[in-house]
Amino acid sequence: MKFATALQQSSRAAGAFASHLAHGALLAMGIMSIIGVAANAIEHKRIEVPLAAAMNAANAAEAVPTPAQQAQVDTHFDLAVAKMLESDGQADDVAGLTPELDRVRRYVAKRYRVSASALEAPMTRALVSGEQLGIDPLLIVAVMAIESSFNPMAESTVGAQGLMQVIPKFHMDKIGEDAGPNALFDPVTNVRVGSLVIKEGLRRYGSLTRALQYYGGALSDPEAGYARKVLSMKAKLEKIASSAA
């Protein structure tokens with residue numbers, strides 16, 4: 001009987017060891033997968049900050065970043081803001097709309113009865129900011145549609161201003177200390193700042209839906225109505241962008 005009991009205990013110990021070994025192997029595979037995603041992104045220059053790819057992969061696996069990792073992500077975001085403030089407007093001078101965005105521009109001009117030429121600068125800025133921040137430019141354009149119907153002088157009762165309806169007091173770090181009180185009525189500045197707010201939402205909440213709810217001031221909405229409206233508009237713009245000229 002004692003021999004049988006000892007044998008059972010030995011068997012259980014072996015099983016526990018095997019379980020821990022398997023768990024450790026899976027954890028190692030997960031870490032290597034995250035590193036692999038980051039390395040692949042760097043190789044193909046899809047992202048600007050390697051840590052961002054690793055953190056996105058961790059979020060996809062429902063991992064929780066450590067305080068040190070989050071601090072690094074926050075630091076990179078702050079540096080990105082500073083870099084964009086320093087070079088604001090310079091990239092826009094040399095950039096041009098892609099054929100896809102140009103089709104969207106012409107559609108928007110007809111649909112919303114706005115000047116096609118006036119749309120060129122903010123849509124070019126959407127393209128530039130999208131490339132800098134790793135955001136689909138059509139998502140930025142979709143937010144413009146939902147927020148202001150492409151009216152650069154729009155202002156809400158709570159003080160949200162311009163194409164993407166940014167509230168100045170909440171985002172002075174992104175606007176710049178030297179900006180005047182009407183800075184957000186400049187379409188290029190407004191789109192740059194609005195794009196940074198979207199990126200900030202992604203950094204804070206790790207998902208596009210939550211980021212958009214943050215942008216729309218509707219985090220408490222369980223139906224995510226604001227995000228659904230923006231994503232529905234984005235889907236419509238994607239069809240326009242991919243249609244024949």
Side-chain angles (χ1 to χ4, degrees), residues 74 77-78 80-82 84-85 88-89 92 101 104-105 108-109 111-115 118-130 132-237:
D74 291 345
F77 179 77
D78 292 340
V81 172
M84 290 180 73
L85 284 171
D88 189 22
D92 302 339
L101 265 180
V104 170
R105 177 179 69 99
V108 166
R111 168 67 178 80
Y112 292 89
R113 297 183 179 181
V114 295
S115 166
L119 288 168
E120 187 168 358
M123 286 200 175
T124 299
R125 184 66 232 189
L127 179 63
V128 171
S129 289
Q132 289 176 332
L133 300 173
I135 300 173
D136 189 337
L138 289 179
L139 179 70
I140 300 171
V141 177
V143 171
M144 291 187 227
I146 298 300
E147 288 290 344
S148 70
S149 297
F150 300 96
N151 177 5
M153 303 307 293
E155 185 168 19
S156 75
T157 55
V158 296
Q161 296 177 346
L163 285 170
M164 297 185 74
Q165 288 292 276
V166 178
I167 300 179
K169 64 181 179 181
F170 296 143
H171 302 290
M172 289 306 300
D173 60 321
K174 305 172 190 65
I175 299 170
E177 295 180 357
D178 297 332
N182 296 319
L184 287 175
F185 291 115
D186 171 64
V188 172
T189 299
N190 191 282
V191 174
R192 173 181 60 75
V193 175
S195 301
L196 283 168
V197 178
I198 295 174
K199 185 66 174 181
E200 183 176 63
L202 287 166
R203 174 178 62 90
R204 287 188 180 186
Y205 301 104
S207 79
L208 181 56
T209 296
R210 293 285 289 167
L212 290 173
Q213 289 299 109
Y214 163 74
Y215 191 98
L219 281 170
S220 61
D221 176 16
E223 301 297 324
Y226 180 82
R228 287 191 290 107
K229 283 196 298 184
V230 172
L231 294 176
S232 176
M233 175 58 69
K234 179 177 177 287
K236 180 184 293 186
L237 296 178

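Note that the structure is predicted; figures quoted are calculated from it, not measured.
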With sequence neighbours excluded, give me every side-chain hydrogen bond (donor to acceptor under 3.5 Å, both in side chains) pair touching residues 217-229. E147-Y226
Within the structure provided, determine whether I198 and Y214 are in side-chain contact (heavy-atom separation under 4.5 Å). no
Report the distance from atom OG of S149 to atom CZ of R111, rounding to the nearest 0.5 Å. 7.5 Å
Separation of T189 OG1 from L163 CG (nearest 0.5 Å): 11.0 Å
Hey, are the side chains of V143 and L212 touching, using non-hydrogen atoms and a 4.5 Å cut-off? yes
Would you please test T124 and L101 for side-chain contact (heavy atoms from CB on, under 4.5 Å) and show each step? CA-CA 9 Å; T124 299; L101 265 180; over 6 Å; no
Y215 and E200: CA distance, side-chain angles, deciding distance, side chain to side chain donor-acceptor pair (under 3.5 Å) verdict: CA-CA 9 Å; Y215 191 98; E200 183 176 63; over 6 Å; no
Below 4.5 Å, heavy atoms only, C-beta onward: do L184 and I175 meet side chain to side chain? yes
Does the side chain of Y205 pick up a donor-acceptor pair with the side chain of Q213 at under 3.5 Å? no
M233 and L237, any side-chain heavy atoms less than 4.5 Å apart: yes
What distance separates L138 CG from K236 NZ, expressed to the nearest 0.5 Å? 13.5 Å
For Q161, is there any backbone N or O sitting under 3.5 Å from a side-chain donor or acceptor partner on N190? yes
Using side-chain contact (heavy atoms from CB on, under 4.5 Å), reason through L219 and R210 one step at a time and then give a plain yes or no. CA-CA 7 Å; L219 281 170; R210 293 285 289 167; 3.7 Å; yes
Rounded to the nearest 0.5 Å, what separation is found between the CD1 atom of I135 and the CG atom of L208? 9.0 Å
So, taking the atom named CZ in R192 and the one named NZ in K174, what distance separates them when rounded to the nearest 0.5 Å? 10.5 Å
Filter on salt bridge (Lys or Arg N to Asp or Glu O under 4.0 Å), then keep only pairs touching residues 132-144, sequence neighbours left out; what's left? D136-K234
Contact between D173 and L196 at the side-chain level, heavy atoms closer than 4.5 Å - yes or no? no
Using the ring-ring contact (aromatic ring centres under 6.0 Å, His included) rule, collect all pairs that involve residues 169-199, keeping only residues at least two apart or in two chains. none
Heavy-atom distance under 4.5 Å between the side chains of E155 and Q165, does that happen here? no
